[in-house]
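In what follows, a single structure is set out as structure tokens and then discussed.
In what follows, every heavy atom counts, from backbone to side chain, and hydrogens, waters and symmetry copies are set aside. Residue numbers start at 1 and run along the sequence shown.
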Amino acid sequence: MMLLIELINFARMGAIANSKAPTLVELNDGESIRVSSISSDSRSPQAITYFVGQTMMGLLSWNALPQVSGDYNTDPTKQLKLDSGVQAGDNKITTKVWATGFALSEDFRATFLKQIGNLTPRDVFNGSTQSILKISLLSEPKKIRKGEWSIDMVAEVVVFQGSNMVGEPIGFNKTVFVRAIDTPTLPNISSNFQQTANRVRKAGLEIYKIQDLELNK
């Protein structure tokens, strides 16, 4: 009987010894959190949902007004400049949309940003028009295959023009397709473009397709 107990304890100790302990990671604000390792092509549902929500809001919330930091000291001799935008096909998109576009796969990015340019009102760039993406629903991610998922989004692009503070909603119900990617290490000497792309893609995910959501499926 004692031999059996010792064998069971030995087996348990071996399992504990061979298990991977969580890693302690310190964040920029000094807080420490424990993380566990996952395979390179795995992502948690929460990470996928957060990535899709943040990316779609960045792509469809248009604002050319300059951002003022909390420590900004007003100088009457200097005026903050509106965002002049970035050319995308025949039209322009805001710089924020351009930067967020690095979250899209390279074979999808140019085409989709041109579509955003077609949708973006020209008055955005004189500061009289803005938009926000109002998301009503993001579904649980559905696994398509290893390292790829789809997520349904029910949302509206609300456009505010001039004195219209209520806004005009435009339905934007889509299925978003996401896949896991490897994020390369940023070189010590890097361009602003490289830094922007690395910051957007550090989640280790990219959107490679967006299609209309079939609400009756």
So how far is it from [X] [atom1] to [Y] [atom2], rounded to the nearest 0.5 Å?
X: Leu65; Y: Leu82; atom1: CG; atom2: CG; result: 6.0 Å
X: Ser61; Y: Lys134; atom1: OG; atom2: NZ; result: 13.0 Å
X: Asn118; Y: Asn91; atom1: CG; atom2: CG; result: 5.0 Å
X: Met56; Y: Met153; atom1: CE; atom2: CE; result: 4.0 Å
X: Leu133; Y: Leu59; atom1: CG; atom2: CG; result: 9.0 Å

Point to revise | Test: Lys92 cationic atom under 6.0 Å from Phe125 six-membered ring centre, within 45° of axis | key: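 Yes - Lys92 lies over the ring of Phe125, closer than 6.0 Å to its centre and within 45° of its axis.
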
Take atom [atom1] in [X]; do more than 12 heavy atoms of anything else shown fall under 6.0 Å from it?
X: Asp107; atom1: CG; answer: yes
X: Asp182; atom1: CG; answer: no
X: Asn192; atom1: CG; answer: no

Review point. Do Glu206 and Arg201 meet the salt-bridge criterion of a basic N to acidic O distance under 4.0 Å?
Key: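 So Arg201 pairs with Glu206 through a salt bridge.
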
Review point. Between Lys174 and Asp152, is the closest basic N to carboxylate O distance under 4.0 Å?
Key: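 No salt bridge links Asp152 with Lys174.
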
Point to revise | Near-ring test Phe160/Trp62, centroid separation under 6.0 angstrom | key: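 Here the rings of Phe160 and Trp62 have centres that are no less than 6.0 Å from each other.
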
Point to revise | Donor-acceptor pair between Asp83 and Thr95 side chains, under 3.5 angstrom | key: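 Indeed, the side chains of Asp83 and Thr95 share at least one donor-acceptor pair under 3.5 Å.
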
